[in-house]
*Asks:* 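I have a structure I would like to understand better, so I am pasting it below and will then ask my questions one at a time.
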Amino acid sequence: MPRPRIHDPGAVLDAAESIAVRSGPAAVTIRAVAQATGMSNGALYHNFGSRAEVLGHTWLRAARRFLDVQKELVEPDDAAAPSERRDPADSPDAVVEAIVAAALAPAVFTERYPDSSRLLLTVSREQLLDEELPEALAAELADTDKALVRLLVRMARRLWGRGDRRAVAVVTTCVVDLPTAILLRRERLADPFALEQLGAAVRAVLAVGPPPRS
């Protein structure tokens, strides 16, 4: 018997995302998604395997959207993946502003994809990996962290010509820790003053720079 077709897989992910951010991840069931999309339970099971896989693919799409937004802000003119080496043409000021842009990415992401943003704040990757997921999907979820680390290393090498742990830790403070403290925990993603504070904080941390290599 042929597998039932889903004409628009994106509609499934949209429905699962909407349900998760409005009613919680536990509310994302095959039945709820089927009702929201008008698709049959059987078609969803055949194409996604389980409700955990539906939620996993939904989270993965949101994470990739965020990474795409962040890369667009940091490397707007680069069609291909940049070199891991420092570009001699980079001016320090330009790299600093690129890191500021990366720090401000959550605000741009929330404006562009509000439900995807809320999903990433509601459901952690660790929660998804606790589910019974196919190995390939679990690996794709884990790779989202690796993609962020690669970006952090590139930024450190572009600014200081080094990608060691101490240098990357400084960029991590700017791109992960400060946005979390200033924007996310206090729900100030749309607050212009908070965005200005974040930019100033990032520039101040980068002005100090990393400690000497050990």
Side-chain angles (χ1 to χ4, degrees), residues 59-113 116-117 120-121 124-126 128-129 136 138-186 188-189 191-214:
W59 192 96
L60 181 61
R61 183 184 68 167
R64 285 175 170 169
R65 281 175 167 175
F66 175 74
L67 291 170
D68 286 345
V69 167
Q70 194 168 58
K71 184 176 179 181
E72 173 190 323
L73 294 171
V74 173
E75 300 158 348
D77 299 323
D78 290 351
S83 170
E84 290 292 332
R85 296 180 180 273
R86 185 182 182 186
D87 184 346
D90 279 338
S91 72
D93 287 348
V95 181
V96 166
E97 292 310 308
I99 296 174
V100 170
L104 295 172
V108 177
F109 178 59
T110 296
E111 183 178 357
R112 194 175 298 180
Y113 301 108
S116 292
S117 174
L120 293 185
L121 294 177
S124 71
R125 181 177 58 80
E126 287 71 22
L128 292 176
L129 292 177
E140 288 185 88
L141 291 168
D143 281 345
T144 59
D145 277 353
K146 296 176 183 177
L148 176 59
V149 170
R150 288 193 294 269
L151 177 66
L152 299 174
V153 172
R154 286 200 299 272
M155 291 294 97
R157 285 179 171 163
R158 286 174 61 188
L159 185 55
W160 300 300
R162 49 186 281 200
D164 58 276
R165 178 178 56 84
R166 291 185 172 188
V168 173
V170 176
V171 181
T172 302
T173 295
C174 294
V175 174
V176 178
D177 300 336
L178 287 175
T180 299
I182 296 174
L183 300 182
L184 302 180
R185 286 180 183 163
R186 301 174 65 185
R188 300 170 70 197
L189 282 160
D191 183 341
F193 187 64
L195 298 177
E196 187 176 348
Q197 286 181 320
L198 176 57
V202 170
R203 293 183 185 95
V205 169
L206 295 176
V208 175
R213 297 175 192 263
S214 56

*Asks:* Which is it for Leu178 and Val205 under the side-chain contact (heavy atoms from CB on, under 4.5 Å) test, yes or no, and what are the steps along the way?
*Replies:* CA-CA 10 Å; Leu178 287 175; Val205 169; 4.1 Å; yes
*Asks:* Of all heavy-atom pairs between Ala103 and Pro179, which one has the smallest distance, and what is that distance?
*Replies:*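 Heavy-atom minimum between the residues: O-CG, 3.4 Å.
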*Asks:* For the pair Leu148 and Thr172, evaluate side-chain contact (heavy atoms from CB on, under 4.5 Å) and give the outcome as yes or no after the intermediate values.
*Replies:* CA-CA 10 Å; Leu148 176 59; Thr172 302; over 6 Å; no
*Asks:* Given 3.5 Å as the limit, does a donor-acceptor pair link the side chain of Thr110 with the main chain of Ala107, or not?
*Replies:*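 A pair under 3.5 Å: no.
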*Asks:* Tell me whether Arg185 at atom CZ has more than 12 heavy atoms from other residues, nucleotides or ligands lying less than 6.0 Å away.
*Replies:*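 No, because the 6.0 Å sphere around CZ of Arg185 holds 12 heavy atoms or fewer from other groups.
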*Asks:* Report yes if the side chains of Leu104 and Leu73 come closer than 4.5 Å at any heavy-atom pair, otherwise no.
*Replies:*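 Side-chain contact under 4.5 Å: no.
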*Asks:* Write down the atom of Gln70, the atom of Ala102, and the distance for their closest heavy-atom approach.
*Replies:*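 Shortest heavy-atom contact: NE2-O, 3.2 Å.
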*Asks:* Drop me the distance from Glu72's CD to Leu67's CG, to the nearest 0.5 angstrom.
*Replies:*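 Atom-to-atom, Glu72:CD and Leu67:CG are 12.5 Å apart.
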*Asks:* In Å, rounded to the nearest 0.5 Å, how long is the span from OG1 of Thr173 to CD1 of Ile99?
*Replies:*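 Separation between the atoms: 11.0 Å.
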*Asks:* Any salt bridge between Asp164 and Arg166, counting N to O under 4.0 Å?
*Replies:*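 No.
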*Asks:* If you round to the nearest 0.5 Å, how far is CG of Asp191 from CG of Leu183?
*Replies:*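 Answer rounded to 0.5 Å: 8.5 Å.
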*Asks:* From Arg154 CZ over to Lys71 NZ, what is the distance, rounded to the nearest 0.5 angstrom?
*Replies:*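 Between atom CZ of Arg154 and atom NZ of Lys71 there are 6.0 Å.
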*Asks:* Going by the side-chain contact (heavy atoms from CB on, under 4.5 Å) test, name the single residue among Val153, Val74, Val171 that passes it with Arg158.
*Replies:*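 Result for side-chain contact (heavy atoms from CB on, under 4.5 Å) with Arg158: Val74.
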*Asks:* Test your reading of the model: is there a side-chain donor-acceptor pair from Arg64 to the backbone of Leu60, 3.5 Å cut-off?
*Replies:*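 Absent.
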*Asks:* Can you give me the closest heavy-atom contact between Pro212 and Arg162, atom names plus distance?
*Replies:*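 Looks like C-NH2, 4.0 Å.
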*Asks:* Walk me through it: do Glu75 and Leu151 pass the test side-chain contact (heavy atoms from CB on, under 4.5 Å)?
*Replies:* CA-CA 10 Å; Glu75 300 158 348; Leu151 177 66; 4.1 Å; yes
*Asks:* Please round to the nearest 0.5 Å and tell me the distance separating atom CZ of Arg186 and atom OG1 of Thr180.
*Replies:*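 The CZ atom of Arg186 sits 13.5 Å away from the OG1 atom of Thr180.
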*Asks:* Closest approach of Pro210 and Trp160, non-hydrogen atoms and distance?
*Replies:*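 Answer, listing the atom of Pro210 first, then Trp160: CD-CE2, 3.3 Å.
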*Asks:* Does Asp68 form a salt bridge (charged side-chain N to carboxylate O under 4.0 Å, His left out) with Arg65? I'd like the steps, not just the answer.
*Replies:* CA-CA 5 Å; Asp68 286 345; Arg65 281 175 167 175; over 6 Å; no
*Asks:* Hey, which of Leu152, Val96, Val100, Leu206 is the one that makes side-chain contact (heavy atoms from CB on, under 4.5 Å) with Cys174?
*Replies:*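 With Cys174 as partner, side-chain contact (heavy atoms from CB on, under 4.5 Å) holds for just one option, Leu206.
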*Asks:* So, do Val175 and Met155 sit near enough that their side-chain heavy atoms are less than 4.5 Å apart?
*Replies:*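 Counting from C-beta outward, Val175 and Met155 never come under 4.5 Å.
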*Asks:* Indicate yes or no for a side-chain donor-acceptor contact from Ser117 to the backbone of Tyr113 under 3.5 Å, with no hydrogens or angles considered.
*Replies:*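 Not a single qualifying donor-acceptor pair exists.
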*Asks:* Starting from the C-alpha separation in whole Å, work towards a yes-or-no answer on side-chain contact (heavy atoms from CB on, under 4.5 Å) for Phe66 and Ser116.
*Replies:* CA-CA 8 Å; Phe66 175 74; Ser116 292; over 6 Å; no
*Asks:* Might you point out which heavy atoms bring Ala194 and Ile182 nearest each other, and give the distance in Å?
*Replies:*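 That would be O-CG2, 3.7 Å.
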